[in-house]
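Read the structure below first, then the notes.
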Protein chains: 2
Amino acid sequence: MIEEALSTRDGNRVFHRHEHLARHAQKTDHIFKIEEGWACQYRLLIDGRRQIITLFLPGEYCEPQWLFQGTATLPVVALTRLRARSLSLTGIHRRTSQEADGMTSILESLLTVLNRREQWIFNLGRLSATERLCSLLCELFERLKRTCHVIENRYVMPLTQYDLADIVGLSAVHVNRVLQMLRAERLIELHGKRLTVLNIDGLRRLAVMPNSQRATA
Amino acid sequence: MIEEALSTRDGNRVFHRHEHLARHAQKTDHIFKIEEGWACQYRLLIDGRRQIITLFLPGEYCEPQWLFQGTATLPVVALTRLRARSLSLTGIHRRTSQEADGMTSILESLLTVLNRREQWIFNLGRLSATERLCSLLCELFERLKRTCHVIENRYVMPLTQYDLADIVGLSAVHVNRVLQMLRAERLIELHGKRLTVLNIDGLRRLAVMPNSQRATA
DNA sequence: CGTTTGTTTGAAATAACTCAACGGGAGTGG
DNA sequence: CCACTCCCGTTGAGTTATTTCAAACAAACG
């Protein structure tokens with residue numbers, strides 16, 4: 001199923017769905033900047049449980065900490081067909097000597113990842129299923145908007161319900177039911193991989209306040 | 001209940017339990033290195049739900065990213081009486097010019113936090129209550145051992161069961177029941193704030209494999 | 001020594017999971 | 001172009017892990 005990745009000139013590479021960008025504990029001297037497509041970092045248990053730890057979207061650096069650590073701690077896999085530019089340490093340093101920009105933007109992206117994980121820990125620890133999913137959909141909305149991947153409140157959402165489940169720490173079946181509910185409430189539309197946000201404010205409200213009576217306190 | 005913190009000479013400060021080291025969105029030009037005591041970073045919802053995002057133990061830098069961001073994103077509060085040395089940006093830079101060590105160790109601690117969050121996301125997303133608690137107790141064991149705060153498999157565990165609950169994303173009542181079980185299985189002893197690990201291997205095993213039949217796959 | 005804070009226990013409620021089956025759709029090969 | 005397969009989404013019914021509420025108790029605190 002998985003063939004060899006094509007190396008294109010100038011550090012550009014193409015991966016297809018389910019192909020790994022990095023394996024567990026693999027040494028690396030470069031990182032990727034994603035041009036197109038989605039990838040994720042995940043952790044697996046022998047019994048099959050999987051948790052997605054980080055999502056990488058177009059325009060984002062994939063695993064900036066590799067540059068400092070020298071190894072990838074966890075596997076990274078493409079969730080869609082994916083095009084990425086690979087940046088080596090020397091390449092970045094060369095640029096740095098000119099503008100000192102390269103390292104700064106890496107560090108920035110490191111902090112972004114750090115802050116995003118803060119958010120995810122909160123979501124997983126204290127939000128209900130509905131809140132978690134709404135929160136994720138809003139996050140994707142914001143992240144994709146920055147690179148103009150949101151057009152008229154619509155974006156391509158290539159994740160399967162299994163993927164979604166492994167992000168928000170739920171079962172795929174339950175993700176399905178929550179999505180049904182969001183559709184029934186006319187908050188979103190979701191056909192195939194096309195997600196339309198019908199009511200972003202309603203979605204944001206649900207992302208932090210449950211439909212139940214929890215908000216009474 | 002909360003009085004003004006005492007400033008001691010040379011950037012040393014003492015906080016007491018429940019006193020804040022930082023508030024939400026507060027600007028800072030310094031970070032703390034904890035000498036003694038525990039602190040945590042948390043996030044709160046209006047309805048009272050709280051999630052602890054990061055734990056800070058003796059010897060660790062509290063919120064190294066402040067140096068880069070200039071602000072504390074979330075509140076940080078002392079979980080015990082606490083003594084910390086405050087390091088300013090200039091102070092660190094001065095040292096850096098001499099040994100280039102200061103910045104490196106900050107960056108290292110940044111990466112440690114990043115990796116720890118990876119772990120927590122996994123735990124919250126995919127582990128059962130028992131697994132999460134065992135995982136946490138093991139993590140504390142390892143982290144405290146590095147600074148010789150573990151003596152004969154015993155360490156001071158100043159967290160209340162509410163604190164524990166807000167770390168592992170459970171209710172305090174359920175934390176209590178799981179702890180009972182761990183005691184009954186002779187894995188730990190816990191009197192007051194004194195925790196003795198009777199069977200670290202058993203604890204580690206439970207931290208990743210449940211007692212239930214989940215491991216059959 | 002009283003007051004507050006934290007722990008323990010029981011019983012009932014519920015959110016989310018598991019299992020299982022069905023259906024559609026997309027790609028694949030004949 | 002059709003048939004086949006596989007992946008993914010959908011639905012129902014029953015189960016279980018965890019929560020909530022409430023009350024009693026113990027321990028720490030000032």
Side-chain angles (χ1 to χ4, degrees), chain A residues 1 16-18 47-51 79-81 123-134 157-184 188-195 206 210-217, chain B residues 1-3 16-18 47-51 79-81 123-133 156-184 188-195 206 210-217:
Chain A
M1 180 186 287
H16 23 296
R17 195 155 111 96
H18 295 159
D47 62 4
R49 281 180 282 176
R50 178 180 74 148
Q51 176 67 36
L79 292 166
T80 67
R81 170 166 287 273
N123 290 174
L124 288 167
R126 287 302 177 209
L127 297 194
S128 70
T130 306
E131 293 170 306
R132 285 187 227 175
L133 262 175
C134 291
M157 216 289 295
L159 304 177
T160 68
Q161 296 185 357
Y162 289 90
D163 294 331
L164 286 172
D166 290 343
I167 294 172
V168 294
L170 299 168
S171 71
V173 172
H174 201 240
V175 164
N176 182 285
R177 288 193 234 266
V178 174
L179 286 177
Q180 307 282 353
M181 188 270 270
L182 297 182
R183 284 190 269 229
I188 62 168
E189 251 172 21
L190 179 55
H191 300 121
K193 314 232 147 298
R194 210 147 237 89
L195 186 137
L206 265 194
N211 40 357
S212 62
Q213 300 82 319
R214 272 185 174 159
T216 43
Chain B
M1 179 187 287
I2 290 178
E3 307 135 332
H16 25 297
R17 196 155 110 96
H18 294 159
D47 63 4
R49 283 179 282 176
R50 178 180 73 148
Q51 176 67 38
L79 292 166
T80 66
R81 170 165 288 273
N123 290 173
L124 288 167
R126 286 303 178 208
L127 297 194
S128 70
T130 306
E131 293 170 305
R132 285 187 227 174
L133 261 175
V156 178
M157 215 289 296
L159 304 176
T160 69
Q161 297 184 357
Y162 289 90
D163 294 332
L164 286 172
D166 290 343
I167 293 172
V168 294
L170 299 167
S171 71
V173 172
H174 202 241
V175 165
N176 182 285
R177 289 193 235 266
V178 174
L179 286 176
Q180 308 281 353
M181 188 271 272
L182 296 182
R183 285 190 266 229
I188 62 168
E189 251 172 20
L190 180 56
H191 299 120
K193 314 231 147 297
R194 209 147 239 86
L195 185 136
L206 265 194
N211 38 358
S212 62
Q213 300 81 319
R214 272 185 175 162
T216 44

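Just so you know, these numbers come straight off a predicted model, no measurement behind them. Letters A, B, ... mirror the listed sequences (proteins, then strands); counts begin at 1.
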(request) Report the end-to-end axis angle of the helix from C:dC1-D:dG30 to C:dA21-D:dT10; each axis comes from five terminal pairs, and the value is rounded to 10°. (result) 50°
(request) Looking only at side-chain atoms of A:Val173, point me to the closest of D:dT20, D:dT11, D:dT18. (result) D:dT11
(message) Distance check needed: D:dG12 P versus A:His174 NE2, whole Å only.
(response) 15 Å
(message) If I take atom NE2 in residue B:His18 and atom C1' in nucleotide D:dA28, what distance separates them, rounded to the nearest angstrom?
(response) 13 Å
(request) Specify the separation, in whole Å, of atom CG of A:Asp166 and atom P of D:dC8. (result) 12 Å
(message) Using only modelled atom types and a 3.5 angstrom limit, is any donor from either the side chain of A:Arg177 or the base of D:dG9 paired with an acceptor on the other?
(response) no
(request) In whole angstrom, give the distance that lies between atom CG of A:Asp47 and atom P of C:dC17. (result) 15 Å
(request) Compare all side-chain heavy atoms of A:Val168 with those of A:Asn123 and state whether any distance is below 4.5 angstrom. (result) no
(request) Figure out the NE2/P separation between B:His191 and D:dA28, and round it to whole Å. (result) 12 Å
Give the table of side-chain donor-acceptor pairs shorter than 3.5 Å for residues 169-178 of chain A, with sequence neighbours excluded, one pair per line with atom names and distance.
residue, atom, partner, partner atom, Å
A:Ser171, OG, A:His174, N, 3.2
A:Asn176, OD1, A:Gln180, NE2, 3.0
A:Asn176, ND2, A:Gln161, OE1, 2.9

(request) Go through residues 157-165 of chain A and report each residue with a non-hydrogen atom lying under 4.0 Å from DNA chain D, sorted by number. (result) A:Thr160, A:Gln161
(message) Taking the side chain as everything from C-beta on, heavy atoms only, tell me whether B:Gln51 gets closer than 4.5 Å to B:Leu124.
(response) yes
(message) For a 4.5 angstrom cut-off between non-hydrogen side-chain atoms, does B:Pro158 reach B:Leu79?
(response) no
(message) Contact between A:Leu159 and A:Lys193 at the side-chain level, heavy atoms closer than 4.5 Å - yes or no?
(response) no
(message) Would you compute the distance between atom CG of B:Leu206 and atom OG of B:Ser128 and round it to the nearest 0.5 angstrom?
(response) 8.5 Å
(message) In the structure I gave you, are the side-chain heavy atoms of B:Thr130 and B:Met181 within less than 4.5 Å of one another anywhere?
(response) yes
(request) Give the nucleotide from the list D:dT18, D:dT11, D:dC8 with an atom nearest to the side chain of A:Arg17. (result) D:dC8
(request) Could you check how far CG of B:Leu190 sits from C1' of C:dT7, rounded to whole Å? (result) 10 Å
(request) Output the single nucleotide from C:dA16, C:dT18, D:dT10 whose closest atom is nearest the side chain of A:Leu170. (result) C:dA16
(message) When you measure from the side-chain N and O atoms of B:Asn176 to the phosphate of C:dT7, is any distance below 4.0 Å, counting only OP1 and OP2?
(response) no
(request) Find the distance A:Leu182:CG to D:dT10:P and express it as a whole number of Å. (result) 12 Å
(request) Using only side-chain N and O atoms of A:Arg183, determine if any of them is under 4.0 Å from OP1 or OP2 of D:dG9. (result) no
(message) Tell me whether B:Arg126 is salt-bridged to A:Asp166, with the criterion being a basic N under 4.0 Å from an acidic carboxylate O.
(response) yes
(request) Figure out the CG/P separation between B:Leu179 and C:dT7, and round it to whole Å. (result) 9 Å
(message) Whether the side chain of A:Arg17 engages the backbone of A:Arg81 through a donor-acceptor N/O pair (distance < 3.5 Å, no angle test) should be reported.
(response) no
